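Below is one structure, written out as structure tokens; the observations come after it.
Just so it is clear, the model here is predicted, and its values are computed rather than measured. So that the names make sense, note that chain A is the first sequence line, chain B the second, and so on, each numbered from 1.
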Amino acid sequence: MCGRYVLKAGIEELKENYQATPRGTFEWRPNYNAAPSVDMPVVLQHEKEGRVIDKYRWGLVPFWAKEVNTGYSMFNARAESIASKRTYQKPFKKQRCIVPASGFYEWVKTPDGKIPHYITLKDQGLMSFAGLYEHWQGDGGQVVNSFTIITTESNDKLAPIHDRMPAILLDQEIDHWLDPANQDTEGLRDLVRPYPSDDISFYKVSTAVNNARNQGPSLIEPDEDLFSL
DNA sequence: CCAGACGTTGTT
DNA sequence: GTCTGG
DNA sequence: CCAGACGTTGTT
DNA sequence: GTCTGG
């Protein structure tokens with residue numbers, strides 16, 4: 001699954017990598033410990049404005065929700081469910097986005113506690129998580145734009161640490177995924193699948209990651225781990 | 001028909 | 001145990 | 001996802 | 001808004 005991730009790229013790198021324009025002026029500082037409920041950059045394609053980068057809240061709020069805090073865990077959407085679940089039907093058809101990431105964390109439970117692992121692409125490039133977004137407006141006029149990250153089965157390499165992983169798109173699939181005119185839901189469903197094992201690597205990191213208040217590049221340094229295992 | 005839910009993960 | 005906050 | 005709180009009154 | 005359950 002994917003309940004915590006890293007985006008260390010700056011805005012210029014995001015613009016360059018996705019050929020997208022930041023919408024408005026938003027502050028963006030790299031986040032080494034992004035948790036559900038925080039604002040993070042997403043890339044989406046508008047009929048008129050074209051491809052934009054915007055900051056949305058992690059944790060999809062359905063447009064029909066009465067309150068922002070629904071109490072549900074919409075920070076992940078199962079790939080197996082996006083076409084059928086009420087909450088994701090419309091987003092899957094017309095509100096797909098890319099969630100840029102440098103890597104993500106998964107925890108392994110051991111007698112010594114929950115040990116975080118940091119997973120990246122071998123080439124250290126940006127990961128393009130497949131995401132869905134939603135636009136919510138409250139009675140008082142408050143507006144919340146939010147997103148969820150699609151998860152799928154783990155590939156063979158990650159299976160030992162976790163049975164789910166985020167759906168990561170190949171570069172050549174991004175255009176298809178973002179195109180709002182693309183209604184080929186069967187073809188789109190085929191894009192959200194386990195990423196090739198050979199292009200993934202991971203290592204243990206400090207349990208400092210566990211507390212979402214902790215931040216900084218030191219979180220993704222390999223943990224020497226002299227005492228466990 | 002109306003009422004009520006609408007979600008995922010991990011753990012048992 | 002379960003919810004909230006980050 | 002994990003960590004940390006989980007409550008009220010009255011007073012400053 | 002839209003689906004499921006009764």
Side-chain angles (χ1 to χ4, degrees), chain A residues 1-7 27-41 55-95 99 101-120 127 129-139 143-154 158-168 185 192 194 202 204-216 218-220 223:
Chain A
M1 63 129 31
C2 185
R4 211 76 78 77
Y5 71 97
V6 173
L7 179 59
E27 295 284 316
W28 168 242
R29 301 170 60 78
N31 193 330
Y32 287 86
N33 202 357
S37 81
V38 304
D39 289 340
M40 292 293 286
K55 238 167 48 169
Y56 279 24
R57 179 189 298 194
W58 185 11
L60 187 144
V61 180
F63 72 99
W64 41 257
K66 291 189 178 68
E67 305 292 334
V68 171
N69 217 334
T70 56
Y72 292 106
S73 303
M74 314 268 200
F75 58 90
N76 285 159
R78 294 174 63 87
E80 300 89 332
S81 309
I82 51 177
S84 58
K85 296 289 184 182
R86 297 190 263 298
T87 304
Y88 303 128
Q89 272 177 6
K90 185 168 73 101
F92 177 48
K93 269 188 201 151
K94 310 187 253 195
Q95 297 160 194
V99 183
S102 303
F104 62 97
Y105 298 111
E106 297 286 6
W107 280 263
V108 176
K109 280 188 181 169
T110 75
D112 294 330
K114 299 171 184 173
I115 308 300
H117 294 64
Y118 183 54
I119 299 106
T120 62
M127 287 178 168
F129 293 159
L132 304 175
Y133 67 90
E134 187 59 278
H135 180 85
W136 181 87
Q137 190 158 15
D139 291 334
V143 167
V144 174
N145 291 316
S146 59
F147 71 93
T148 188
I149 294 168
I150 297 173
T151 62
T152 185
E153 286 176 54
S154 273
L158 290 181
I161 57 173
H162 216 81
D163 62 345
R164 306 286 300 174
M165 70 181 289
I168 303 167
T185 50
V192 286
F202 66 87
K204 290 180 191 174
V205 289
S206 159
T207 52
V209 171
N210 295 20
N211 192 324
R213 293 171 193 269
N214 292 330
Q215 280 291 336
S218 64
L219 294 179
I220 59 172
D223 187 62

Original post:
Could you state the CG-C1' distance from A:Leu60 to B:dT8, rounded to the nearest angstrom?
Top reply: 13 Å
Original post:
What nucleic acid atoms does A:Ala77 come within less than 4.0 Å of, heavy atoms only: base, sugar-phosphate, or nothing?
Top reply: sugar-phosphate
Original post:
When you compare D:dG4 with B:dT9, how far apart are their P atoms, in angstrom units rounded to a whole number?
Top reply: 25 Å
**OP:** Fill in the dot-bracket string of DNA chain D, one character per base: . for unpaired, | for a pair to another strand, ( ) or [ ] for pairs within the strand, taking Watson-Crick or G-U pairs under 3.5 Å.
**Re:** ||||||......
Original post:
Rounded to the Å, how far apart are A:Lys66 NZ and E:dT2 P?
Top reply: 15 Å
**OP:** Specify the separation, in whole Å, of atom CE of A:Met40 and atom P of D:dC1.
**Re:** 18 Å
**OP:** Would you kindly give the CD-to-C1' distance between A:Glu106 and D:dC1, to the nearest whole Å?
**Re:** 9 Å
**OP:** Could you please name the option among B:dG7, D:dC1, B:dT11 that lies closest to any side-chain atom of A:Lys109?
**Re:** B:dT11
Original post:
Among residues 79-89 of chain A, which residues get a heavy atom nearer than 4.0 Å to DNA chain B?
Top reply: A:Ser81, A:Lys85, A:Arg86, A:Thr87, A:Tyr88
Subject >> C1'-based separation of B:dC1 from D:dG7 [nearest Å] >> reply: 45 Å
Original post:
Closest to the A:Ser73 side chain: E:dG1, D:dC1, B:dG7?
Top reply: B:dG7
Subject >> Aromatic plane relationship, A:Phe147 with A:Trp58 - under 30° parallel, 30 to 60° tilted, over 60° perpendicular >> reply: parallel
**OP:** Check the surroundings of atom CD in A:Gln95: do more than 12 heavy atoms from other residues, nucleotides or ligands lie under 6.0 Å from it?
**Re:** yes
Subject >> Interatomic distance at C1', D:dC6 relative to B:dA3, whole Å >> reply: 32 Å
Original post:
How far, in whole Å, is B:dA5 from C:dC3 if one measures between their P atoms?
Top reply: 15 Å
**OP:** Give a yes or no on whether A:Lys90 atom NZ has more than 12 heavy-atom contacts from other residues, nucleotides or ligands under 6.0 Å away.
**Re:** yes
**OP:** Verify the stacking flag for A:Trp64 against B:dC6: centroid separation must be under 5.5 angstrom and the ring planes must differ by under 30 degrees.
**Re:** yes
Original post:
Can a salt bridge be assigned to the pair A:Glu80 and A:Arg164 using a cut-off of 4.0 Å between side-chain N and carboxylate O?
Top reply: yes
Subject >> Side chains of A:Asn145 and A:Arg57, donor plus acceptor under 3.5 Å >> reply: no
**OP:** Would you classify A:Asp163 as touching base, sugar-phosphate or nothing, given that sugar-phosphate means primed atoms plus P, OP1 and OP2, and contacts are heavy atoms under 4.0 Å?
**Re:** sugar-phosphate
**OP:** Evaluate side-chain contact (heavy atoms from CB on, under 4.5 Å) for A:Ser102 paired with A:Thr120, printing each intermediate quantity in order.
**Re:** CA-CA 7 Å; A:Ser102 303; A:Thr120 62; over 6 Å; no
Original post:
With a 4.0 Å cut-off on heavy atoms, is A:Pro62 in touch with a base, just the backbone sugar-phosphate, or nothing at all?
Top reply: nothing
**OP:** Check the distance between B:dT9's C1' and A:Arg164's CZ and give it to me in whole angstrom.
**Re:** 10 Å
**OP:** To the nearest Å, give me how far apart CD (A:Glu134) and P (B:dC6) are.
**Re:** 17 Å
**OP:** Grab the CG-C1' distance between A:Asn76 and B:dG7 for me, whole Å please.
**Re:** 10 Å
Original post:
To the nearest angstrom, how far is A:Phe104 atom CZ from D:dC2 atom C1'?
Top reply: 17 Å
Subject >> Six-ring centre of A:Tyr118, A:Lys204 cation under 6.0 angstrom, axis tolerance 45° >> reply: no
Subject >> For A:Phe92, the option from A:Ile150, A:Val192, A:Ile82, A:Thr87 that meets side chain to side chain contact (heavy atoms under 4.5 Å, CB included) >> reply: A:Ile82
